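The next block holds one structure in the form of structure tokens; read it before the comments.
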There are 2 protein chains.
Amino acid sequence: MSETLPSPSFRPLYEQIKILITQSLVAGEWKPGEAIPSEIELAARFRVSQGTVRKAIDELASEHILVRRQGKGTFVASHSEPSYQYRFLRVMPDSGQKLTPHNVLLEVRKGRASGEIARALAIKAGAPVHAIKRILEFQDRPLILDEIVLAAARFPGLTVPRLEEFKGSMYSFYEAAYGLRMIRAEERIRAVAAEPGVAAHLRVAAGTPLLCVDRIAFTYGDMPVEWRRGLCLTDGFSYYNELA
Amino acid sequence: MSETLPSPSFRPLYEQIKILITQSLVAGEWKPGEAIPSEIELAARFRVSQGTVRKAIDELASEHILVRRQGKGTFVASHSEPSYQYRFLRVMPDSGQKLTPHNVLLEVRKGRASGEIARALAIKAGAPVHAIKRILEFQDRPLILDEIVLAAARFPGLTVPRLEEFKGSMYSFYEAAYGLRMIRAEERIRAVAAEPGVAAHLRVAAGTPLLCVDRIAFTYGDMPVEWRRGLCLTDGFSYYNELA
DNA sequence: GAGTGGTCTAGACCACCCC
DNA sequence: GGGTGGTCTAGACCACTCT
């Protein structure tokens, strides 16, 4: 009897508006940091009431895709803005004080995607990738050794100098240099013992327990863009998380 | 000139409604799992429009304090409901399959709050506490060794048999036995090496890297209720987190 | 069918920002 | 003062659940 799924077959208007706005974002009609048209303008454009546009924008704002600023307008969220700069960095000092990490680039090399990474990035195994190694320092102390893998097809012409001349977080670099906005990420955390090479970079004894944080970061439409593995010392620092 | 702060001095109606609803929840007017009055009833009671009540409930629902069910009503969220049972447990198999943890109680003993724990629980250092030790097992494998500390004043008459006879998560126990609903929690994660006693409980070699997850869990009004330290094996399991 | 939450509209007015 | 987002209202209609 159930020839078709009991599918929704009903789409609220505001969800359709969300999709239309997202499409304009993907198409680059409004760039990170810029204002989008006012609610009234969008309502006229989409032939709906302001309240419906409002609900669509509300949700996009709660997903950190847009940012509302009363009296000024609604803006495209950007990793270049100070408050969003290290939005995905959950490692922080136990003291609670603010941190300003310092980026030390170790290497950028071309390689081919392993099975695991290909799956994570939704590309073919063996596809060309960029593999980046870097260290994040806090107060001149190395704290995190990161390995970052990107599909070469999405990042043409990525070279050490281009990365090195760039000040700011990786994600503001992706945004500025390739127009790729990271929307959300998934992390899986395990505890591991530092291998000798890693230990040397972090200036600790081999075998020191480290957090191993695997991350996949996504752009619009849940498209994976970046695979990352961070090996992280937790001496005076910890991974902070809010459960709600 | 600025004798007073440029304080808000403006409270949206829906925030005041939120506070009123929360007060009714604290007072126990509606119990976990029960339905609260319909939006129309609440609107009449508070002398506001349904839309205003709606916005208040929307926010409480997004904070997982209430749960809306179309066609049925709005309910007080409860840790006893299956979907909320292990709401705060972020450790899961790498395979992604669902898990049914098994609780093994090791001990419940009376003690006094250390400085750190007193700070976390907002009680006086040296105040009486209950200290619980337990192991969480998955598929007959010990995975997490938990130490849980509760202010004795909030949990009168807590004994091993009472805990042992209870089926379900800790938080559904707090809810059922003491009317304490946990709303949110903060965690700090570090990597540590298993000490011999811990290693024995988890059936691994001493020195094995473990996640050390410190948690403070809060009830209404950001009142801390529980301090917890989990030592967690990450062999085939990991701590999963979504960054948005 | 009656009752609930969910969507959509239209309009009024408020708070905030900038000129 | 004029524009923007933020609040509040009142009412219509839709989708879902239960009886």
Side-chain angles (χ1 to χ4, degrees), chain A residues 2 4-21 24-25 30 33-78 81 83, chain B residues 2 4-21 24-25 30 33-78 81 83:
Chain A
S2 60
T4 59
L5 289 172
S7 75
S9 82
F10 166 68
R11 277 260 149 149
L13 247 186
Y14 71 85
E15 280 193 14
Q16 302 177 40
I17 305 296
K18 266 183 78 171
I19 293 172
L20 290 173
I21 293 176
S24 290
L25 289 168
W30 313 304
E34 288 180 8
I36 71 171
S38 74
E39 294 178 354
I40 293 173
E41 281 177 85
L42 290 173
R45 166 160 159 184
F46 298 133
R47 311 299 204 99
V48 297
S49 79
Q50 186 182 350
T52 301
V53 170
R54 196 159 177 69
K55 175 133 185 168
I57 293 180
D58 275 346
E59 296 209 347
L60 291 169
S62 80
E63 295 165 28
H64 303 106
I65 290 174
L66 297 176
V67 179
R68 320 192 76 138
R69 287 191 209 136
Q70 182 171 155
K72 300 175 78 173
T74 301
F75 298 78
V76 183
S78 167
E81 284 160 52
S83 57
Chain B
S2 61
T4 59
L5 290 171
S7 74
S9 82
F10 167 69
R11 277 264 151 144
L13 247 186
Y14 71 85
E15 281 192 15
Q16 302 176 40
I17 305 297
K18 265 183 78 171
I19 293 172
L20 291 173
I21 292 176
S24 290
L25 288 169
W30 314 304
E34 288 180 8
I36 70 172
S38 74
E39 295 178 354
I40 293 173
E41 280 176 86
L42 289 173
R45 166 159 159 185
F46 299 131
R47 312 297 204 98
V48 297
S49 78
Q50 185 182 351
T52 300
V53 169
R54 196 159 177 69
K55 175 133 185 168
I57 293 180
D58 275 345
E59 296 209 348
L60 291 169
S62 79
E63 295 165 29
H64 303 106
I65 290 173
L66 297 176
V67 179
R68 320 190 76 136
R69 288 193 207 133
Q70 183 172 159
K72 301 175 79 172
T74 302
F75 298 77
V76 183
S78 166
E81 285 161 49
S83 56

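Chain naming here is simple, since letters A, B, ... match the order of the sequence lines and numbering starts at 1 in each. In this text, all values refer to a predicted model and were calculated from it rather than measured experimentally. Basis for what follows: all heavy atoms, side chains included, without hydrogens, waters or symmetry-related copies.
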Is there a side-chain contact between I21(A) and I65(A) (heavy atoms, below 4.5 Å)?
->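 With C-beta onward as the side chain, the pair stays apart.
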Of G73(B) and G51(A), the one whose closest DNA chain C nucleotide lies more 5' |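 The residue closer to the strand's 5' end, by nearest nucleotide, is G73(B).
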5′-ward residue of the pair R47(A)/S38(B) relative to DNA chain C =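 The residue mapped nearer the 5' terminus is S38(B).
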Among [options], which nucleotide sits nearest the side chain of [X]?
X: E41(A); options: dT4(D), dG5(C), dT7(C); answer: dT4(D)
X: P12(B); options: dG6(D), dC8(D), dT9(C); answer: dC8(D)
X: F10(B); options: dT7(C), dA15(C), dG5(D); answer: dA15(C)
X: Y14(A); options: dC8(D), dG5(C), dC8(C); answer: dC8(C)
X: S49(A); options: dC8(D), dA10(C), dG6(C); answer: dA10(C)

Rounded to whole Å, please give me the gap between [atom1] in [X] and [atom2] in [N].
X: E39(A); N: dG11(C); atom1: CD; atom2: C1'; answer: 15 Å
X: L13(B); N: dC13(C); atom1: CG; atom2: P; answer: 17 Å
X: R11(B); N: dC14(C); atom1: CZ; atom2: P; answer: 20 Å
X: I36(A); N: dT4(D); atom1: CD1; atom2: C1'; answer: 12 Å
X: L42(B); N: dC8(D); atom1: CG; atom2: C1'; answer: 17 Å
X: Q50(A); N: dT7(D); atom1: CD; atom2: P; answer: 13 Å
X: E15(A); N: dC8(C); atom1: CD; atom2: C1'; answer: 14 Å
X: D58(B); N: dG6(D); atom1: CG; atom2: P; answer: 15 Å

Does a side-chain N or O of [X] approach OP1 or OP2 of [N] to a distance below 4.0 Å, or not?
X: K72(B); N: dC18(D); result: yes
X: T52(B); N: dT9(D); result: yes
X: R68(A); N: dG6(D); result: yes

Looking only at non-hydrogen atoms, find the nearest pair between [X] and [Y] and report the distance.
X: F75(B); Y: G33(B); result: CD2-O, 3.6 Å
X: V76(A); Y: W30(A); result: CG2-CB, 3.9 Å
X: L42(A); Y: P37(A); result: CD1-O, 3.6 Å

For R54(A), report the nucleic acid contact type (base, sugar-phosphate, nothing); a contact means any heavy atom under 4.0 Å.
->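 If one applies the 4.0 Å heavy-atom cut-off, R54(A) turns out to touch a base.
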Which distance, rounded to the nearest 0.5 Å, do you find between the CZ of R54(B) and the OG1 of T74(B)?
->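 So the CZ of R54(B) and the OG1 of T74(B) are separated by 8.0 Å.
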